[in-house]
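Let me begin by presenting the structure, written as structure tokens, before commenting on it.
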Amino acid sequence: MYIMIICGAPGSGKGTQSDMIAEKYNLLHLSTGDMLRQEVAAQTELGKTIDSYISQGNLIPDELMESLLAHRIDTTSAEIKGIILDGFPRTVAQAQALETILADRQLTVNALVDLDVRHDELIIRLLNRGKVSGRSDDNITTITQRLHVYAEKTLPVNKYYIEKGMYHKVDGMGTKQEIFDRICRIIDQTL
Ligand code: AP5
Ligand code: MG
């Protein structure tokens, strides 16, 4: 099974590109943000806890995220050709946990694609989306905190994958199609 991680700052285009990749290569798009928002929408006790982190722009605790992800992988059909992990791992601890979760299932990460987008462009994209998304974290106060958390907790994950030789930086500026073409070149080399 092919496993690709797509990462990048909030608003860098992870969700947009994952949908395009999933369709072209027939892979499962697994977004931890979408998983968490579904739990919030279901208004469960867990959902209420999750919402308090998301709306403040903070990460939910590693152990909780790791167990939700492992459960999601285990309930995935054995038929699928591969998975695009969007929004996970977001801390070095999650990257280490992912390695164990996958190894326990005789799986491994094939590539990580890091979407590189200018700071001002990220804010423009997220504020634009905020006009229609209804997402509790698409406002300037929470966006600022999300970008801060990204720089502090998530950027160090790149080094982890650079050392494993799986890291691919992709220019995330330009049209959606231009960026998609850049990503496809990497998938075609690592598939
Ligand atoms: P998550 O849902 O993952 O949000 P995020 O990382 O902040 O990223 P976004 O989904 O906002 O942006 P994106 O990169 O997907 O870009 P998109 O394609 O939408 O996480 C949300 C929260 O959940 C976290 O803050 C945390 O609380 C929690 N969470 C999630 N995972 C977790 C984890 N592993 N551990 C702990 N907590 C976790 O694009 C953005 C906009 O730009 C769209 O409107 C799009 O149409 C537009 N756009 C895309 N590409 C282009 C382009 N090329 N040109 C112009 N516009 C474009
Ligand atoms: Mg997203």
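Treat the numbers as computed from the prediction; the structure is a model and nothing was measured. When a ligand or atom number is given, it counts from 1 through the structure's own listing order.
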* Asked: Judged by atom type as modelled, is there a donor-acceptor pair below 3.5 Å linking the side chain of R146 to the main-chain atoms of G57?
  -> no

* **Trace of the salt bridge (Lys or Arg N to Asp or Glu O under 4.0 Å) decision for R129 with D138** => CA-CA 7 Å; R129 190 183 61 192; D138 279 347; 2.9 Å; yes

* Does a side-chain N-to-carboxylate-O contact under 4.0 Å join R185 and D188? -> no

* Near ligand 1, at a heavy-atom separation below 4.0 Å: residues by chain and residue number -> A9, P10, G11, S12, G13, K14, G15, T16, T32, G33, L36, R37, I54, N58, L59, I60, M65, G87, F88, R90, Q94, R125, L126, R129, R135, D137, R146, G174, T175, K176, I179

* Sequence neighbours excluded, every pair satisfying salt bridge (Lys or Arg N to Asp or Glu O under 4.0 Å) that has a member inside residues 13-29 -> none

* **Within residues 41-53 or reaching into it, pairs that qualify as side chain to side chain donor-acceptor pair (under 3.5 Å) - sequence neighbours excluded** => E39-T44, E45-K48

* **Results of side chain to side chain donor-acceptor pair (under 3.5 Å) for K164 - residues two or more places apart only** => E99

